[in-house]
Protein chains: 2
Amino acid sequence: MDSDVDYDVFGAACPSRPVLEDVTGRWGSLAMGALADGPMRFNELRRRVEGVSQKMLAQSLQALERDGLVNRQVQSTFPLKVEYSLTPTGEVLAAKLLDLIGYLTGSMPSILDAQQSYDQAHAKT
Amino acid sequence: MDSDVDYDVFGAACPSRPVLEDVTGRWGSLAMGALADGPMRFNELRRRVEGVSQKMLAQSLQALERDGLVNRQVQSTFPLKVEYSLTPTGEVLAAKLLDLIGYLTGSMPSILDAQQSYDQAHAKT
DNA sequence: CTGAATCCACCCAGATACTG
DNA sequence: CAGTATCTGGGTGGATTCAG
């Protein structure tokens with residue numbers, strides 16, 4: 001019904017590339033993963049995603065909102081209250097992301113072993 | 001049998017974080033995805049992952065090799081021949097990555113719409 | 001062919017301070 | 001509370017050159 005198999009991330013100019021970076025990027029991926037637990041306010045996210053700065057979190061969330069993966073709902077009360085949540089598409093992507101992350105963290109023991117072996121084999125001096 | 005649920009990517013100092021960046025990073029993710037089609041030589045990968053530089057590809061592959069996700073097999077003939085392939089763990093991660101990428105590219109039409117709406121609503125002047 | 005090494009420009013990301 | 005604005009240092013990534 002629709003034109004299948006159109007967008008190819010391997011293509012240099014494919015518009016899907018920047019979106020992929022928004023989703024899998026350093027902070028974007030963690031923000032998506034955090035929001036999979038349910039809607040959250042800005043500072044909640046900030047606390048959940050340890051180490052992220054105000055600037056980078058705001059920036060990542062804006063990119064995801066622009067991609068239609070995250071919703072931003074403002075309550076114009078005082079103090080200001082802003083809630084972030086995943087859109088339907090965002091939820092699917094977040095689930096796949098968490099699946100990947102889950103497998104990765106589960107593999108950490110063997111990964112750490114591999115790193116140690118590698119570092120030992122490539123030790124300088 | 002093993003200590004479950006130990007590593008948490010949301011923790012600032014968790015060793016899983018850099019690994020996640022290796023896997024989902026700009027070039028790492030595409031390299032993994034490309035290798036899911038089967039073993040490949042350096043320049044084959046370079047052609048497949050359009051836009052990647054020698055330096056970044058070599059760097060990304062090294063990181064993935066160190067993490068035990070990619071195998072590097074050298075044939076000391078002349079000219080040199082080096083073949084990259086996924087390890088068992090790497091294959092699982094690559095599959096999950098391609099699953100995510102597939103859904104994302106399939107959602108591109110709606111994502112592009114969202115971007116356009118967003119840009120229009122936030123137009124300057 | 002497959003990288004490593006060097007140089008360098010640019011952008012990103014952190015810190016800080018300020019606004020709504 | 002939820003951002004924006006500005007400044008700045010350091011890291012990233014590209015081009016080029018050299019080596020195994």
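Small disclaimer: the values here were computed from a predicted structure and weren't measured. Letters go in sequence order (proteins before strands), and every chain restarts at 1.
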Would you kindly give the CD-to-C1' distance between B/Gln59 and D/dG14, to the nearest whole Å?
-> 12 Å
From the 5' end of DNA chain C to its 3' end, which nucleotides mark the outer limits of contact with chain A, defined by a 4.0 Å heavy-atom distance cut-off (strictly under)?
-> C/dA13 to C/dG20
How long is the line joining CD of A/Gln62 and P of D/dA2, in whole Å?
-> 15 Å
What residues form a ring-ring contact (aromatic ring centres under 6.0 Å, His included) with B/Tyr103, not counting sequence neighbours?
-> none
In 5'-to-3' order, the base (B), backbone-only (S) or no-contact (-) status of each nucleotide in nucleotides 15-20 of chain D, using a 4.0 angstrom heavy-atom cut-off, is B----B
Modelled atom types, side-chain donor and acceptor of A/Glu65 and A/Asn71, under 3.5 Å = no
Separation of atom NE2 in B/His122 from atom C1' in D/dT4, rounded to whole Å = 14 Å
Kindly state which residues belonging to residues 34-52 of chain B come within less than 4.0 angstrom of DNA chain C, counting heavy atoms of the residue only, listed by number.
-> B/Arg41, B/Phe42, B/Asn43
Quiz: residues 86-101 of chain A side-chain donor-acceptor pairs under 3.5 angstrom, not counting sequence neighbours:
residue	atom	partner	partner atom	Å
A/Thr87	OG1	A/Gly68	O	2.8
A/Thr87	OG1	A/Leu69	O	3.3
A/Thr87	OG1	A/Gly90	N	3.1
A/Lys96	NZ	B/Asp99	OD1	3.3
A/Lys96	NZ	B/Asp99	OD2	2.9
A/Asp99	OD1	B/Lys96	NZ	3.3
A/Asp99	OD2	B/Lys96	NZ	3.0

What bend angle does the helix from C/dC1-D/dG20 to C/dG20-D/dC1 show across its length, from five-pair end axes and to the nearest 10 degrees?
-> 50°
Less than 4.0 Å between a side-chain N and a carboxylate O, is that true for A/Arg66 and A/Asp22?
-> no
Between atom CD in A/Gln73 and atom P in D/dC1, what is the gap in whole Å?
-> 19 Å
If we only count heavy atoms from C-beta on, is the B/Leu57 to B/Trp27 side-chain gap below 4.5 Å?
-> no
